[in-house]
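Structure first, then comments.
Convention: sequence-line order gives letters A, B, ...; per-chain numbering from 1.
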2 protein chains.
Amino acid sequence: MGSQTGSTTRSAGPRRRVSAEDVARLAGTSQSTVSRVFSPGAAVSPALRQRVLEAARQLGYRPDAIARSLTLRRSRIVAVAMAHLDNLVYPELLERLSTALQAADYQILLFTADKGSTADPVFEQVMRYRVDGILLASTTLSSCFAGECRAAGVPVVSINRATDDPAIWSVTGDNERGGRAIAEFLLAGGHRRFAYLAGIEDSSTNRDRERGFAAGLAAAGREPPSRAVGNYSFAEAQRAARTLLARPDRPDALFCANDPMAIACLEVARHEFGLRVPEELSIVGFDDAAPAAWPSYALTSWTLDVAAMAEAAVGALLAQIEEPGRPAQRIVVPGRLLVRGSARRPPPDLWPQDAVDGLAPAEARPLAPAGAVP
Amino acid sequence: MGSQTGSTTRSAGPRRRVSAEDVARLAGTSQSTVSRVFSPGAAVSPALRQRVLEAARQLGYRPDAIARSLTLRRSRIVAVAMAHLDNLVYPELLERLSTALQAADYQILLFTADKGSTADPVFEQVMRYRVDGILLASTTLSSCFAGECRAAGVPVVSINRATDDPAIWSVTGDNERGGRAIAEFLLAGGHRRFAYLAGIEDSSTNRDRERGFAAGLAAAGREPPSRAVGNYSFAEAQRAARTLLARPDRPDALFCANDPMAIACLEVARHEFGLRVPEELSIVGFDDAAPAAWPSYALTSWTLDVAAMAEAAVGALLAQIEEPGRPAQRIVVPGRLLVRGSARRPPPDLWPQDAVDGLAPAEARPLAPAGAVP
DNA sequence: CTGAAAGCGCTTACAG
DNA sequence: CTGAAAGCGCTTACAG
């Protein structure tokens, strides 16, 4: 019938897209030349290039990245797995990863994982898209899949969650040091009954933060802190706080493994137990997510340098893509204790400002006006 | 030399992936059969299927979705453009979109847009991936691109932002009705000096919320509210609040076009102006993002049913993909006023609970304990 | 049920 | 600089 339908095999399906072939026909040249016009380095005579560009414009031609991926065996797609989107630190991380990746001309294939669960189920699908690399943010990939990635030569970098696998790159904050600094800060503040509210137990962030905290207390000859588990969840932290604060030996210093949990505890302490923060209870968080700075909380928190982490992670991934087989690194991004009003501050002589990485006096913002932290 | 490198054209590049051809060879069958084994509906004899599956397992074969996309002219990829990730409503939306899309076996190609800016720059790249559809959340696509999408037959649905283009599907909350309900609520609460803090001026959310609010006031014979602009930004809202609250005729009722701005205003009112909320100033937000429920804010806010919106948007997109050319719809997801403690509550006789969609008495949570909202 | 083959839309070595 | 052609890894009509 019509020569238009020359394709023998195809019939239904979405309408034909305009291809390089179409452009070539209109410009009176070959498909190869059209391709060259759209390939950055290729040599095409100015006149021909002009004609091709014009034809492409007329037809609304856009090179097909899918076909390109197939030919080049490079998709310029990076998979990003992320959980905990309710903790503002992650949306911020996602935004920065996106910006950095877009700048390098990579696209993001996003998959979200549930909190505790592994990223495996969707991962299988994602791998089929032949992504050039994988960024795992606070999610675990079962070691089985991690092995497959390595076998398939797909670079992986884990963000904010170290894996057991020494072959996998990771970018994390300085969790242990942060935990220790918080212990020292609270110790210097004269607190006596310490408590720790844990995040997800088997996460490296939790493990390292707690280890640092316990080590800091131990170094001062204190007993390990009392302990509850909030699994990085606001609601669970609220429940845990009710238990912790109802104890006869109520803690006077509480370190929560992330900010949302710290805010949850602060709310419970203030509104359910009528405690004054920090006079009767000091609370310290971790990550310095946006709400930590809101005056009602004025949360003292260890900073996670999300911008630096995103940059490091994307850099590490691109490096691996360019140069496969590079030995894995564990990148630790420094942070510092950002002192606000939610924890009693030590007298200046007991707490040399420079004892904590980068804590310049100017950074220690003034307490919110009286009444802010009732 | 080696027959392994039989490819004439290709040489460098990433190592060869295992293909259906490889599996076929090992299983002693044809590539077509391997393909059939991995195509849901296809008929293959049990014995052969078994052999193929076994060979695939041995080789770690995974069908290549990129190649599949090229053949089928369907990528099973949906582009999601999103901005305002610092407003928790959006991460929540993203998570739900992701879940819904993953359930339908679609992947998300994410691109983030800056607040004010249009999504155009990255959009060009994204279109090259031949996405099956586009979900725009609170971002504008220049009408030029929108037209191109239509021409290219790519379904688009706009979430939380209506476009001028009547051919584009949209899913929004009931912004105008929400604004009006808030006016009526504040009126019934006996307030006299109304103010409105605007979001991004040219966004439909802002326009509709303000229109509803002004209409509600006008219906009661009141003057238009005083007004400032916060552009949906926390920091800008803080600045705007300082101006608004310093006016000699300080408002006693302030409606902010989203929750982050409402929280910013609440903080400024309380901590910088020493105002008691809601006794001296009532504040109402919009969207009911997670922090609105935190006791320190107890923000009265119009709910955005993010779950319903995500479901509707994905449903609308999939419907368009299945059946192109369906006439566009504008889907409006109902919300309701969630009354908490940040705004003075009207006496029961002036504020029939059912005047606002779905506001059941049980939903009106008690005020936080004394001291919560000092 | 099974296999050979065309075609999806590109890139790029090869030979002018 | 330019074009013809092979090949990337699939799906599926066609002919057994």
Report yes if at least one side-chain N or O of A:Tyr61 is closer than 4.0 Å to OP1 or OP2 of C:dC10; otherwise report no. yes

B:Phe111 vs B:Phe123 aromatic rings, parallel, tilted or perpendicular, using cut-offs 30° and 60°? tilted

Indicate whether OP1 or OP2 belonging to C:dT11 is found under 4.0 Å from a side-chain N or O atom of A:Arg68. yes

Give a yes/no on whether any side-chain N or O of A:Ser30 is located under 4.0 angstrom from OP1 or OP2 of D:dG3. yes

Residue met sooner reading DNA chain D from 5', once B:Arg36 and A:Leu70 are mapped to nucleotides: A:Leu70

Hey, does A:Thr33 reach any base, or is it just sugar-phosphate, or nothing, if we go heavy atoms under 4.0 Å? sugar-phosphate

Answer with yes or no whether B:Thr29 presents, from its side chain, a donor or acceptor under 3.5 Å of a partner atom in the base of C:dG3. no

Decide yes or no, distance alone: a donor-acceptor N/O pair under 3.5 angstrom between the base of D:dT2 and the side-chain of A:Gln31. no

Close approaches to DNA chain C from residues 37-51 of chain B, in residue order (heavy atom, under 4.0 Å): B:Ala43, B:Val44, B:Ser45, B:Leu48

According to the Watson-Crick and G-U wobble definition with distances under 3.5 Å, which dot-bracket string, read 5' to 3', encodes DNA chain D, using [ ] for crossing pairs and | for pairs with another strand? |||.||||||||.|||

Any chance the side chains of A:Ser75 and A:Tyr129 put a donor and an acceptor closer than 3.5 Å? no

Would you kindly check whether a donor in the side chain of B:Ser35 faces an acceptor in the base of D:dG9, or vice versa, at under 3.5 angstrom? no

